[in-house]
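In the text below, chain A, chain B and the rest are named by the order of the sequence lines, each starting its count at 1. Both backbone and side-chain heavy atoms feed into the values below; hydrogens, waters and symmetry mates do not.
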Protein chains: 2
Amino acid sequence: MYRIGELAQRYQVKTDTLRFYDKHGLLKPSSRSESGYRIYSEDDAQRLRFILRAKAIGFSLTDISELLSIELDKSNWACADVKGVVDIKLADLEAKIAELNYFKTSLQRLSDACCGGPESAEHCSILEALESNSSAIKCENQTHRHDPSHYTKNCQSKG
Amino acid sequence: MYRIGELAQRYQVKTDTLRFYDKHGLLKPSSRSESGYRIYSEDDAQRLRFILRAKAIGFSLTDISELLSIELDKSNWACADVKGVVDIKLADLEAKIAELNYFKTSLQRLSDACCGGPESAEHCSILEALESNSSAIKCENQTHRHDPSHYTKNCQSKG
DNA sequence: CTTGACCTTAGATTCAACTCCAAGGTTATA
DNA sequence: TATAACCTTGGAGTTGAATCTAAGGTCAAG
C-alpha cells in the first residue's frame, strides 16, 4: 500500500501526474485513507506499470484507456481487437515518420547549399530558396566572392 | 493589392490564419483601407510565400519569425546564423525521427507477436507484454489452442 | 504545540497553431 | 433599399498531457 508520493517516487512520475490519471480514469487508487489520502495497492502499481510501459511504446493516454478496458475484460475481446489498436498506431507512426523524413530531406538540402561561414547573409542560399518560387536550391559558390576553400565542402553539384 | 479574402484564396489559407499571422507579427498587411480592411501588397504576398514555404519544410512559426527577421536585415547577419537555425532544426528532427523509429520497432514487435485472430484476448501476447516486467515478447503459438495455420504467418521465432 | 513534509480540492496555465464565435460595419449587386 | 458576401474586433475553444497555484487538512518528530 502506497501513498501518492511513494508511488510517484517509485515510478519516477509526479504526484500531479498520478492525480491526473485518477481524474481521467486511467488509474484510480483502490482505496482512500480515513483522511482522504489516496492509497494505491500492488495491483494499482501493476496497472501503473502497464500505463508507463504503453506510454514508452508510444501510445497516447486515449489508446491506453482503450487497452486497459480490454485488459480488464480480456475474455470478451479478441486478439484482433488488440492488434487493431496496435496496427492503427503503427500506421499513424509510419505516416508521421515519412512526413518527418520529408522535412529532413528538405532541410538537409537547404543546409548543404549554405556555406555556413561568416559571410553576409545577403546571398545566403537558404534565404534565397525560401524567397524564390522554384524548388531548386542554388549553391552559394557562385554568389560569395571569396576563397571558397573552407565553405564549399558541403555544397557539391546540388540542384 | 489584395483584401484578406483574396490573399487567403490565392494561397489556400483561411482568413483566420492571416489574421493570426497579423496578430503574431509574422505578416502585417502593409496598409489598411479607409474602413479598416487589411490591404496586402505584392511584397506582403511574397512574405506569405516565404512563410508557407518555410512551414512546408517543417519550420515552426517561431523559427519562421527568426528567419524573417534575418531576411529583413540580411546584411547584418552571416550565413552561419541562417545555417545555425536550419541545423538546429535538423538535429531536432533527427532526434524526433529516431524516437519515432524506436516506438515503431516496439510496436512492430508487439504486432508481429499477436495472431490478430478472433481468439479470446485472454492470452494475447500484446497484453501480456504490457503486463509483464520483461521486455521479451512471447509469441501466441504456444498459448492459443487451435489450428495455427492462419495466424502464425507473422510470428516466427521472435523473442 | 509547532514545524515541515505530506496530502486534499478545484481550477488556471502551458505549448502550437490555429479555428470558431458573436456582434457589428462595409461594399457590390439586383 | 435590401440582401448577400465580405470585412472588423476581442475573446473563447481545440488537442494532449500534464504542471502549477491557492487555500487548506493531516501527520510524525522534537
Side-chain angles (χ1 to χ4, degrees), chain A residues 1-40 44 48 50-68 85 88-89 92-93 95-96 99-100 103, chain B residues 1-40 44 48 50-68 88-89 92-93 96 99-100 103:
Chain A
M1 298 306 216
Y2 316 97
R3 284 193 312 186
I4 195 168
E6 292 170 298
L7 192 69
Q9 192 176 18
R10 199 165 296 234
Y11 293 98
Q12 302 286 55
V13 295
K14 302 221 164 169
T15 55
D16 278 331
T17 303
L18 292 177
R19 288 195 198 95
F20 177 85
Y21 290 169
D22 182 353
K23 186 156 62 179
H24 289 74
L26 271 97
L27 179 60
K28 300 226 173 257
S30 47
S31 58
R32 292 280 186 141
S33 75
E34 278 183 24
S35 52
Y37 287 14
R38 288 171 180 81
I39 305 291
Y40 293 91
D44 296 333
L48 177 58
F50 185 104
I51 293 169
L52 296 179
R53 236 172 265 126
K55 224 161 66 78
I57 286 170
F59 288 106
S60 70
L61 297 190
T62 309
D63 298 329
I64 295 173
S65 286
E66 190 172 357
L67 287 172
L68 280 167
V85 175
I88 285 171
K89 200 70 195 171
D92 287 355
L93 210 46
K96 192 91 199 165
E99 193 193 14
L100 293 188
F103 289 161
Chain B
M1 299 306 217
Y2 316 98
R3 284 194 312 185
I4 196 168
E6 292 170 297
L7 192 69
Q9 192 177 19
R10 198 166 297 233
Y11 292 99
Q12 303 286 56
V13 295
K14 303 220 165 169
T15 54
D16 278 330
T17 302
L18 292 177
R19 288 195 198 96
F20 176 84
Y21 289 168
D22 182 351
K23 188 156 59 178
H24 289 75
L26 271 96
L27 179 60
K28 301 227 173 254
S30 47
S31 58
R32 292 281 186 140
S33 75
E34 277 182 26
S35 54
Y37 287 15
R38 288 171 180 80
I39 304 291
Y40 293 92
D44 295 333
L48 177 59
F50 185 105
I51 293 169
L52 296 178
R53 236 172 266 125
K55 224 161 68 78
I57 286 170
F59 288 105
S60 69
L61 297 190
T62 309
D63 298 329
I64 295 173
S65 287
E66 189 172 358
L67 288 171
L68 280 167
I88 284 170
K89 200 72 195 170
D92 286 356
L93 209 45
K96 191 93 199 163
E99 193 193 14
L100 293 187
F103 289 161

Taking only side-chain nitrogens and oxygens of [X], does any of them come within less than 4.0 Å of OP1 or OP2 of [N]?
| X | N | answer |
| --- | --- | --- |
| A:Lys55 | D:dG16 | no |
| B:Tyr37 | C:dT27 | no |
| B:Ser35 | D:dC7 | no |
| B:Thr15 | D:dC7 | no |

May I ask you to decide whether B:Asp22 forms a salt bridge with B:Arg19, counting only side-chain N to carboxylate O separations under 4.0 Å? no
Which part of the nucleic acid, if any, lies within reach of [X] when heavy atoms closer than 4.0 Å are counted: base, sugar-phosphate only, or nothing?
| X | result |
| --- | --- |
| A:Arg38 | sugar-phosphate |
| A:Arg3 | sugar-phosphate |
| B:Ser60 | sugar-phosphate |

Would you indicate which nucleotide in [options] comes nearest to any side-chain atom of [X]?
| X | options | result |
| --- | --- | --- |
| B:Thr62 | C:dA17, D:dT26, C:dC20 | C:dA17 |
| A:Leu61 | C:dT19, D:dA18, C:dA17 | D:dA18 |
| B:Lys14 | C:dC7, D:dT9, C:dC20 | C:dC20 |

Does atom CD of B:Glu99 have more than 12 heavy-atom neighbours, drawn from other residues, nucleotides or ligands, at distances under 6.0 Å? yes
If I take atom OH in residue A:Tyr2 and atom P in nucleotide C:dC6, what distance separates them, rounded to the nearest angstrom?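 Result: 18 Å.
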